[in-house]
Amino acid sequence: MTNLPLPSPSRSFFSKLLLCTHEKNLKQGQILHSQIIQTGSSSSCLFVANAIVNFYAKCHRLTEAKLAFEEIQNKDVVSWNCLINGYSQLGGSRNSSFVMELFQRMMREESENNVYPNGHTFTGVFTAVPDLKSPLGAGKQAHSVAVAFDSVSDVYVGSSLVNMYGKLGLVCDARKVFDRMPERNSFTWVNMICGYAVQRLGVEAMRVFKLMVGVEEWGLNEFVLTSVLSALATTEFIVSGKQIHCLAIKSGLLSVVSVGNAIVTMYGKCGSLDDAVKTFELLSDKNTISWSALITGFAKSGDSEKALELFSKMNSFMMKPSEFTLVGVLNACSDIGAVGEGKQVHGYLVKLGFESQIYIMTAMVDMYAKCGCVTDARKGFDYLQEPDIVLWTSMIGGYVQNGQNEDALVLYCKMQIGGIFPNELTMATVLKACSSLAALEQGKQIHANVVKYGFSLEIPVGSALSIMYAKCGSVNEGNLVFRRMPTRDVISWNSMMSGLSQNGYGNEALELFEQMMSEGTKPDYVTFVNVLSACSHMGLVERGWIYFNKMSNEFGIVPTVEHYACMVDLLSRAGKLTEAKEFIESSPTEHGLCLWQILLSGCRNYRDYDLGAYAGEKLMELGSKESSAYVLLSSIYTLLGRRGDVERVRRMMNLQGVNKEPGCSWIEMKSQVHVFVAGDQMHPQDKHIRTEVQRLSKLIKDEGFKPVFDLLCADLES
DNA sequence: ATAGGGTTAG
């Protein structure tokens, strides 16, 4: 190594290597490399040696870069930086953890070789940190090393540090670094804004953006605009979004296709589809992303028909859909249960060779499951060699959505055997399967898994867990989990209330409602279904009326059929049958089928046959398909001795093609599920069970309890 | 003479 003027071969090799690096010309560079080895230039000139490392690194040949690096005897800081940045720029968790290894080795060897990290080193390191498996500690440590080496005032280092903290979700730390930087450029501002954008902090992003425009207007470019737009993806930011739209027009940056696309996306996510369409139509330059943005916008806002329509229009313009387009279209199909269109997209994605892309296949599995085609969903799932946790969860969730809860649990076990680590959504999904099965034992095992994997009782898991316990009848455990949840949303409150109310703890459910209100959580329509049904269980007619009126007057929630049903149930159970009848007749007529049915059952319990007959006739008029309605009505006429009417009801029942679904119940004991269908004699211990039922019935009768048998007897006699 | 940061839009 020498500081003397270089011999001319080295100088020429060096400049040729630079050219190959710039052009990423691997072949030419390799030829040069072999010539360099023959003349011995690499061992005599550090510049040439470093250029070789850099050349291989830039051509993504990291193995060769590493070999060339290790051959250098007197590595200087540039040698290290070329290799570190080579790995850092390629990204991924393996490369990034190797960056950290190199960085540590460099620090270990620093004193013996007199090599110290500089700004170039730290930028590479900070870029690698977010890709690490556990990035937090490493990031903070590297930051403090950079402080010790007095590197953080460098604008490159500072910007990459802001970027690092932003990606780690530590936007406050990013902001601290940002505020202390003596110099900022366009990169710095974009990184800061993106940090806010990923946290959905639109107000902060806007504030920083305005600061930038005020301080250094020259910094406005397409990157700044797209990053601030990505932070404005909800309805509350629509005004800011329009401001940015104006600015994009004034600055002429709207003609940049990425900016136009970002604006279409922003309007789509804000639910302003009219503005999205207008902007889209005025785009001077449309690409597949523009179309995807619009299609996804419609799909997300619930107008799935329009999304599908746009998709076929896109095809007629010969615009090739990307994987993102197809994901959007598949989501639209799931939403409206359009399995026909979904199948077409399936064929299309196979044709385009997207069959091994996990995101698309996940959307497809989801589509089939939501359309009720679980077998097709499973086929798609089985097609992929290495499903990721999102796909596993989608398939398990697909089973749950279709009521195949046992299959969901079986698949979860298979996943565990395969050593796949579940995420929070997986746990919530499996717990839902347990809730639906009322499978307490399995539920407890999943709870053990929750603890084992270290999931917190945050909303998805904590909520699902408390619901599971409540639905399985373990109200105390459910309540315990609920109390220990760090935060609760309206859904968690609703679920706990329904769990309490279903298990006979109506007063506790109402108490919970008052508590929810005092903690400032806004109730939704489900909350009131729970409240009213709790009132109904407890026979609290007055309170029921108060809540029913409060719902629309104070909270602006329009009552749905469920609320009307709760009220009719409440009045019927309390024996206020005439009041119930009047309430039904003052309610929207389209709820009739549901409401008269409830009143009819109420009339049976209170033996009010005249009103029962009235309700039953209403149900027949409305064309009820409910077998119990016809059975009850004909029983009533039997009791009233109106033979002709009995015949008429029977004829109507046959005419409507009403069939009685047999009642079914089940219980899980010693990890075996025992199923009972009304009238069957399938259970191996059927005789025993019947004897026991007879014994219990006798006990009940001896206690003086008289069941409502007369209607049933009437039905049997006729 | 050699080494460094934004992937933002679906």
Side-chain angles (χ1 to χ4, degrees), chain A residues 3 5-6 10-15 17-18 21 45-55 57-58 65 69 72 75-86 88-89 91 117-128 151 154-164 166-167 184-195 197-198 205 219 221-231 233 253 256-269 279-280 283 286-297 299-300 321-329 331 359:
Chain A
N3 283 328
L6 291 169
S10 290
R11 186 173 274 280
S12 136
F13 280 138
F14 178 77
S15 53
L17 267 172
L18 272 190
T21 308
C45 176
L46 189 52
F47 281 109
V48 172
N50 287 343
I52 291 170
V53 176
N54 194 40
F55 160 73
K58 289 292 177 301
F69 168 81
I72 303 174
K75 303 173 183 73
D76 69 354
V77 63
V78 178
S79 327
W80 285 95
N81 289 343
C82 288
L83 195 64
I84 285 178
N85 283 298
S88 171
Q89 281 157 19
N118 64 14
H120 294 263
T121 324
F122 289 115
T123 32
V125 170
F126 293 147
T127 308
S151 274
D154 181 316
V155 65
Y156 280 84
V157 176
S159 302
S160 59
L161 203 46
V162 169
N163 185 43
M164 177 190 87
K167 280 191 179 152
R184 300 183 192 103
N185 61 21
S186 163
F187 286 77
T188 328
W189 290 100
V190 168
N191 291 342
M192 191 63 240
I193 292 170
C194 285
V198 290
N221 60 22
E222 68 264 41
F223 293 113
V224 183
L225 283 184
T226 47
S227 59
V228 73
L229 281 164
S230 75
L253 284 165
V256 180
V257 65
S258 64
V259 175
N261 290 344
I263 292 175
V264 174
T265 308
M266 181 273 295
Y267 280 131
K269 288 191 173 164
T279 314
F280 173 83
L283 287 185
K286 291 187 193 67
N287 59 19
T288 171
I289 296 178
S290 327
W291 284 90
S292 303
L294 198 59
I295 289 172
T296 314
K300 285 258 161 71
S322 69
E323 53 264 58
F324 289 96
T325 326
L326 295 183
V327 169
V329 174
N331 287 338
Y359 280 100

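So you know, we letter chains A, B, ... as the sequences are listed, proteins then strands, and number each from 1. For clarity, every value in this text was computed on a predicted model and none was experimentally measured.
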Practice item. Let me know the distance between CZ of A:Phe223 and P of B:dG6, rounded to the nearest Å. Key: 10 Å
Check your understanding: Within less than 4.0 Å of OP1 or OP2 of B:dA9, is there a side-chain N or O belonging to A:Thr226?
Key -> no
Practice item. Could you please name the option among B:dA9, B:dG5, B:dA3 that lies closest to any side-chain atom of A:Tyr156? Key: B:dG5
Review point. Nearest to the side chain of A:Ser258 - B:dT2, B:dG6, B:dA9?
Key: B:dA9
Review point. What about A:Asn118, does its side chain sit under 3.5 Å from the base of B:dA3 through a donor-acceptor pair?
Key: yes
Exercise for review: Classify the side-chain pair A:Asn81/A:Thr121 by whether it contains a donor and acceptor separated by less than 3.5 Å.
Suggested key: yes
Practice item. Check every strand shown and say whether A:Lys58 touches a base, only sugar-phosphate, or nothing at a heavy-atom separation below 4.0 Å. Key: sugar-phosphate
Practice item. Check every strand shown and say whether A:Gly124 touches a base, only sugar-phosphate, or nothing at a heavy-atom separation below 4.0 Å. Key: nothing
Review point. Do A:Thr123 side-chain and B:dG5 base share a donor-acceptor contact under 3.5 Å?
Key: no
Review point. So what does A:Val257 touch, heavy atoms closer than 4.0 Å: a base, only the sugar-phosphate, or nothing?
Key: nothing
Point to revise | Nearest listed nucleotide, side chain of A:Asn221, among B:dG6, B:dG5, B:dA9 | key: B:dG6
Exercise for review: May I have the distance from A:His120 (atom NE2) to B:dT2 (atom P), rounded to whole angstrom?
Suggested key: 10 Å
**Study point:** Side-chain N or O of A:Asn163 closer than 4.0 Å to phosphate OP1/OP2 of B:dG5
**Key:** no
Review point. Is a donor-acceptor pair below 3.5 Å formed from side chain A:Asp154 to base B:dG4, judging by atom type as modelled?
Key: yes
Check your understanding: With distance as the sole criterion, do the side chain of A:Thr121 and the base of B:dG4 form a donor-acceptor contact below 3.5 Å?
Key -> no
Point to revise | Atom-to-atom span, CG of A:Leu83 to C1' of B:dG4 - whole angstrom | key: 14 Å
Check your understanding: Taking the six-membered ring for Trp, are the ring centroids of A:Phe69 and A:Trp80 within less than 6.0 Å of each other?
Key -> yes
Check your understanding: Of the candidate nucleotides B:dT7, B:dA3, B:dT8, which contains the atom at the shortest distance from the side chain of A:Asn81?
Key -> B:dA3
Practice item. Kindly say whether, by distance alone, the side chain of A:Asn185 makes a donor-acceptor pair under 3.5 Å with the base of B:dG5? Key: yes
Check your understanding: Contact class for A:Ala293 vs. all strands (heavy atom < 4.0 Å): base, sugar-phosphate, or nothing?
Key -> sugar-phosphate
Review point. Base, sugar-phosphate alone, or nothing: which one does A:Val155 contact when heavy atoms must sit under 4.0 Å apart?
Key: base
Check your understanding: According to a strict under-4.0 Å criterion, is A:Lys167 in side-chain N/O contact with OP1 or OP2 of B:dG5?
Key -> no
Review point. Which is it for A:Trp291 and A:Phe280 under the ring pair (Phe, Tyr, Trp, His ring centres under 6.0 Å) test, yes or no, and what are the steps along the way?
Key: CA-CA 8 Å; A:Trp291 284 90; A:Phe280 173 83; 5.0 Å; yes
Check your understanding: OP1, OP2 of B:dG5 versus side-chain N and O of A:Gln89: anything below 4.0 Å?
Key -> yes
Review point. When we call it a touch if two heavy atoms are under 4.0 Å apart, what does A:Lys269 touch: a base, just sugar-phosphate, or nothing?
Key: sugar-phosphate
